[in-house]
Amino acid sequence: MSEQYAHPEVLVETGWLMEHLQDPKIRIVESDEDPLLYETGHIPGAVKVDWFTTLQDPVRRDFINQEQFEALCQSLGIANDTTVIFYGDKNNWFACYAFWLFEYYGHEHLRILNGGRQKWLQEARPITREVPVYPPTTYRARPPKPEIRAFREDVFRHIEQNGALVDVRSPQEYTGELLHMPNYPQEGALRGGHIQGAVNIPWAMAVNPEDGTFKLPQALRELYQSKGITPDREVIAYCRIGERSSHTWFVLKYLLGYPQVRNYDGSWTEWGNLVGAPIEKGGG
Amino acid sequence: MNETLPERLAEIVEDFRLCQGREKLELLLQYAESLPPLPAHLEGRLDAMESVPECMTPVSVAVEWLADGAVFHFAVPAESPTVRGYAAIIAEGLRGATPEDILHLPSDFYMRMGLQEVVTSQRLNGMAAIVAHVKRLALARLEESPR
């Protein structure tokens, strides 16, 4: 008998969702890395949120504020008691970002579709191009949860206290090679490398590439603990802009049950530009 | 530097420029869906194509230089419609272009389309990478057959 995830209720399986497409208490939300994918066909009844045009503030570098979040939920027909099920492309990468943002604003009933878009399509389940419209709701966000978000000041403190830092980018980004590659004119950081003391565990190592589902608990535990990312430590995860690291945040917090995990959404595009911030290059 | 774009490419850029917000994405989707399948001689032969180093999406390109100019062929996975859209714009916009036309493309011409309003700069890297690669192919053509 294999062991369970720490919070198995946060995952729903494709077969379960198939039986609940008409369930008025749920809202299915697609959140993709590719901003056109939803339009090419999506799970029947699913609405779309786009990382860039829906979830980010158009002016400041920040995600939407509480008022904008409430307006978003209202427009998508999400009420405070709606169970929101996220799915998306590329191993649920941006689906996990949306999950993290919804948790930040205190939404209680959040789920990830295990395997995401990839598994749904592999199983030849129905998709549609019909964009649903739901009656607007009244939505009240709860006070934000700062304990799941790290700002740069928190990262400086974290380094001093020898907290655990996970860099979930590719090995080339971690070592600092990537800034030297041609054709990345907008990579967005003046320095390459990683935050002092961070270990490199690329985010997608937490999933099975064949179907995009999360690896089993034992494999996940070994993946993180073998690099010193253990549940007794406070953990901060980061990537380039905080989206890949929200995937790792989800895995550590909900699948492995780590009590203190934060996502540093400023990530490398902030740290790699900060004057004087401690950086290491090369292998960790 | 010659700032004029090949005629069809200039039309495409103008069409995008005139679209507002979500219309730009809809137009990009139309291009994505218009990307032709590979011709028979390239079908299943990614090894005969060059791969474009691009962030998340594997893109392959091949060029034929016909009497009336370039024909570009692209292979982009169906699950990457945005990059398929970029490839279709380049393939259609540069159909019949000369190597000189391509080398003279301002490398940021696509910024005039205003896609940066609806896709992130990271995603525009894909377009930058494709443009850089077709320029390399044009340069190689000039070097092998100087005029």
Side-chain angles (χ1 to χ4, degrees), chain A residues 30 32-42 48 50-56 58-59 61 88-91 93-94 97 116-122 127 129 131 169-170 172-173 177-189 202-204 212 239-244 267-269, chain B residues 20-35 50-59 61 76-89 106-111 114-136:
Chain A
E30 177 159 343
D32 292 318
E33 191 256 351
D34 190 303
L36 287 180
L37 209 46
Y38 173 88
E39 282 77 7
T40 67
H42 50 261
K48 171 189 180 179
D50 177 55
W51 183 85
F52 184 48
T53 55
T54 317
L55 300 181
Q56 301 298 300
V59 180
R61 180 175 173 196
D89 63 348
K90 304 207 163 76
N91 307 326
W93 166 1
F94 280 80
Y97 179 87
R117 204 184 149 91
Q118 179 185 349
K119 186 155 188 269
W120 187 268
L121 294 177
Q122 278 173 353
I127 57 168
R129 290 190 165 209
V131 176
R169 298 174 300 162
S170 64
Q172 294 80 8
E173 288 170 287
E177 274 168 59
L178 193 70
L179 283 185
H180 300 290
M181 274 176 69
N183 299 331
Y184 285 82
Q186 312 207 44
E187 185 59 28
W203 67 284
C239 57
R240 200 186 69 90
I241 50 173
E243 12 66 284
R244 284 174 282 182
S267 269
W268 194 255
T269 48
Chain B
Q20 302 297 319
R22 299 211 52 78
E23 293 171 4
K24 286 188 202 286
L25 283 179
E26 282 160 25
L27 188 56
L28 190 59
L29 182 62
Q30 286 175 27
Y31 277 96
E33 301 199 320
S34 77
L35 184 69
E50 293 189 21
S51 68
V52 180
E54 207 256 356
C55 187
M56 288 293 293
T57 302
V59 177
V61 59
V76 185
E79 63 268 23
S80 299
T82 300
V83 181
R84 284 181 75 84
Y86 299 160
I89 289 167
S107 47
D108 62 347
F109 76 88
Y110 54 85
M111 297 302 280
L115 286 172
Q116 63 275 21
E117 295 160 27
V118 285
V119 303
T120 62
S121 57
Q122 173 78 354
R123 285 232 122 257
L124 278 175
N125 283 344
M127 183 63 124
I130 291 172
V131 172
H133 205 89
V134 299
K135 286 192 176 204
R136 273 209 291 284

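When reading the values below, keep in mind they use all heavy atoms of this one structure, side chains included, and skip hydrogens, waters and symmetry mates.
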**Q** What residue in B/Ala32, B/Gly85, B/Pro81 has the most heavy-atom pairs under 4.5 Å with chain A?
**A**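 Among B/Ala32, B/Gly85, B/Pro81, the one with the most close pairs to chain A is B/Pro81.
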
**Q** Is any residue of residues 20-29 of chain B within less than 4.5 Å of chain A by heavy atoms, and which ones?
**A**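 Within residues 20-29 of chain B, the residues under 4.5 Å from chain A are B/Arg22, B/Leu25, B/Leu28, B/Leu29.
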
**Q** For B/Glu33, is it the side chain, the backbone, both, or neither that has a heavy atom closer than 4.5 Å to a heavy atom of chain A?
**A**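 B/Glu33 touches chain A through side-chain heavy atoms alone.
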
**Q** Which pair of heavy atoms, one from A/Leu37 and one from B/Ala78, lies closest together, and at what distance?
**A**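 Answer, listing the atom of A/Leu37 first, then B/Ala78: CD1-O, 4.4 Å.
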
**Q** Do the side chains of A/Glu33 and B/Arg123 get close enough for a salt bridge, i.e. N-O under 4.0 angstrom?
**A**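 Yes, this pair counts.
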
**Q** Identify the heavy atoms of B/Thr120 and A/Trp51 that sit nearest to each other, and give their distance.
**A**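 Looking at all heavy atoms of both residues, the closest pair is CG2-CZ3, 3.6 Å.
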
**Q** Rounded to the nearest 0.5 Å, how far does CG of A/Leu121 lie from CD of B/Glu79?
**A**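 Going from the CD atom of B/Glu79 to the CG atom of A/Leu121 covers 9.0 Å.
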
**Q** Where do A/Asp34 and B/Ser80 land on the side chain to side chain donor-acceptor pair (under 3.5 Å) test, with the steps shown first?
**A** CA-CA 6 Å; A/Asp34 190 303; B/Ser80 299; 4.7 Å; no

**Q** Give the minimum heavy-atom separation between A/Asp50 and B/Val118, together with the two atoms involved.
**A**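 It is OD2-O, 4.3 Å.
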
